[in-house]
Amino acid sequence: MSKKYVYLFSEGDATMKNLLGGKGANLAEMTNLGIPIPMGFTVTTEACNKYYDDNKTITQDVIDEIHTTMNKLEEISGKEFGGEKNPLLVSVRSGARASMPGMMDTILNLGLNDKTVEVVAKETGNERFAYDSYRRFIMMFADVVMEIAKQDFEEILHEMKEEKGVELDTQLTAEDLKELVVKFKEFYKSRKGEDFPQDPREQLIESVTAVFRSWDNPRANVYRRMNDIPSSWGTAVNVQEMVFGNKGDTSGSGVAFSRNPATGEKKIFAEYLMNAQGEDVVAGIRTPSPIEELDKQMPETYREFIDIVNTLENHYHDMQDMEFTIEEGKLYFLQTRNGKRTAQAALRIAVEMVEEGLVTKEQAILMMDPKQLDTLLHPAFDTAEMAKHDVIATGLPASPGAATGKIAFSAQEAKERHEAGENVILVRQETSPEDIEGMIAAEGILTVRGGMTSHAAVVARGMGACCVAGAGSVKVDEKKKTMTVNGKVYSSDDYISLDGSTGNVYAGKIETVEPEISGHFGTFMGWADEIRSLKVRTNADTPHDAAQAVKFGAEGIGLTRTEHMFFAEDRIFPMRQMIVARTEEARRTALEKLLPMQKSDFKGIYEAMEGHAVTIRFLDPPLHEFLPTQAKEIEELATELKISVDELNGVITDLHEFNPMMGHRGCRLAISYPEIAEMQTRAVIEAAIEVNEEMGWSIVPEIMIPLVGEVNELKFVKSIVKKTADAIIAERGAKLTYLVGTMIEIPRACVTADEIAKEADFFSFGTNDLTQMSFGFSRDDAGTFLKHYYEKKIYDFDPFAKLDQTGVGQFVQIAVEKGRSVKETLKLGVCGEHGGDPSSVNFFHDNGLDYVSCSPYRVPVARLAAAQAEVRNPRKK
Ligand code: ADP
Ligand code: MG
Ligand code: MG
């Protein structure tokens, strides 16, 4: 039997998301639940993939199946597609597996042509409505399918309104709209060189193809990369009988959330517009009314609406985001999905749903996107500072957070100035999908028009960006690059600050304060900790970072780099003396000066970690990094070092390497200059002994040897560490346990991990180096060419941000297996950036690692990701 590419809504259900896309699967599920939705069918994501496999053509077998299913839809609806009586009109809607709001365009009123528009006019007795629908269809079809800009049509509409002396679209008469349709068609022909297509079947196939094509548009590609959506998923297309919200004063359409998406409050939050088609609400063209108004206008419809919203939330066990349309008093639902929400709202909803008994703790844990926690871990405005600034305008609190920056008036400008290192606030009349890159680049977004469900609001909440929407008192002049509020003019050089939780807009720059984990956030993270088995440590080089990480729940340090502190002003000199030393003796003299500094750093870190494990990595980078490059600085340093410029230049030349990342670094330094390892051991051990004594703790320091690729390297450095450490411990009569382990970051170390494990107390995967060594390109250089890889779809993701599980992941698996085969209890951790990336954390959990370690601000993200991994694949019995 040949493959089925088209499903009626009545043939699917919610489990078929991969095939039918999110929208299609939920339309099918709602059909099964008996919720009033207009009937229709879904062309599958497999058909989309087939379209790309077949060189961007939609093949005849798929076309035939669409037509046959359309015949069935005609039968079910009792209407005829393109018919001279009772014509069937449909919408064509995209819908991928994961929701991609606003990324792909919808076509409404398809099936209208010069004849059917007349039939609709007669049958409804509403000529105005018929022509209003037709002009909308021409515009959408031209825009989405034929790539003629919507704005051009908007302009024609605008001219018409001026000519007729009216302000609102709704004030145009049927005759006006008829005229408008003629103008639209003429414009279409002038652009396309052919008439607007009159055959509905042709309109349909063209539209389905356009949706497939839009899967690959630049906006969609940017959004996908930001949200980890692989291009191989494809999008489905939904074809659905139209219902009309623009049929007059008993019709309308709107958007609803079963709980408040900004705060999480358990209260239905919905907005609607009378006499409008759905897009009008989302586009922020008119300001919508709150749903409570509907109770006054149509109490029965209102009650039915509330019932359905509650039914859907209870059915899906999650907050729902829904679209609805009322046609002459009759209510239809057009879409439901798990609603996007702010991080604050997500936490409140998850915690309250557990308290209500609607979901279990495990289910609640899965409801939160770990990356979203990020927004809560960043600073908010200092209340005292805030009081000193004037509120110049107030809009809707569309997406919380605090943002401060200079004003940018277009997405392009925001992007460019951000790249040049400026903090900017994007200020727009309203945003549209073209603005996405500018929205990502901006610290915050301010719009003049639009409600809580406008494009800006929805996208900002999705990204966790601060947004104030619909600040109507702000006048923006994009051309002049000015913003005027209450007669005062602000330009690109002025700072403004946005509070996304109150909707307040302030003049000037407002200082921010550090975040805290408390309230719903605290409760939720407590559950994550109860559930997870993977431990979370942090990468911290200073007591300050370590203390921050402990506040965020770090259970130890997985990586302290011992090089960053050598760049400090008071240390760089002895460090340089050490580097230029020609004899062991001279080197030891310099190291002698560094010892007390390292020791006090380590003491500070131990103290900040309050007795938790601390892993300290020995000196790792190539030494040339510590020397100056400018002639003037070289001269100054030579004088300071009391050597000649020539001699210093000689050292610099000696240290020059073609590929320093693969050069004299890591354990190779300790092999050339064992006295460095001796000094570092002394600093680690003495600091631990002293802090243990002072605090009554029993810290077990973990010494980590970097860049080992051969067991004999580890053996050699370890012997120095042991000799030095044991002598100090004996000399001081102290009791101290310490561990010596290694980083696993060279492919050869992975495949010989069974030998290395015999010498190592622990392994810590340095997945940054392991990634560069596996791929054979360096992280510092890859940026320039990886962008071509994304454009050409050779890679979907940045392998330095998200572990390449198929390749680099295998090295990790091999090392785990070989290491544990000789030492069952070998402690395994990860200290690369990947330790804070949710999908990578999931991989490390699945492969039996003991802990991940990441930067302090990502610790809560990793804690949640670890709990989610445990729920998906339990390790605890
Ligand atoms: P998006 O994914 O961008 O939200 P949708 O496919 O949901 O796009 O379509 C956008 C809007 O078009 C919907 O919110 C709805 O108001 C309107 N719409 C879509 N299909 C229909 C239909 N069959 N009848 C009436 N309105 C529709
Ligand atoms: Mg929608
Ligand atoms: Mg490394």
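Each ligand, and each atom within it, is numbered from 1 in the order the structure gives.
Residue-to-ligand polar distances keep Thr325 apart from ligand 1: every N/O pair is separated by 3.5 Å or more. The distance criterion of under 3.5 Å between nitrogen or oxygen atoms is met by Lys23 with respect to ligand 1. Ligand 1 has no nitrogen or oxygen under 3.5 angstrom from a nitrogen or oxygen of Leu334. Where the criterion is an N or O separation shorter than 3.5 Å, residue side chain and backbone included, Ser253 fails it with respect to ligand 1. Polar contact with ligand 1: absent for Ser94 (N/O pair, distance under 3.5 Å).
Here Gln335 meets the criterion, with an N, O or S atom under 2.8 Å of the Mg ion (ligand 2).
Using a 4.0 Å cut-off to heavy atoms of Glu323, the atoms of ligand 1 that qualify are 4 (O), 7 (O), 13 (C), 14 (O).
Looking only at N/O/S atoms, Glu323 comes nearest to the Mg ion (ligand 2) through OE2.
Relative orientation of the Phe244 and Phe129 rings is perpendicular, given thresholds of 30° and 60° on the angle between their planes. In this structure, Phe196 and Tyr188 have perpendicular ring planes: the angle between them is above 60°, well past the 30° mark.
Note: Phe153 and Phe187 meet the aromatic proximity criterion, with ring centroids under 6.0 Å apart.
The backbone of Glu241, and not its side chain, has at least one atom closer than 4.0 Å to an atom of ligand 1 (non-hydrogen atoms only; backbone = N, CA, C, O).
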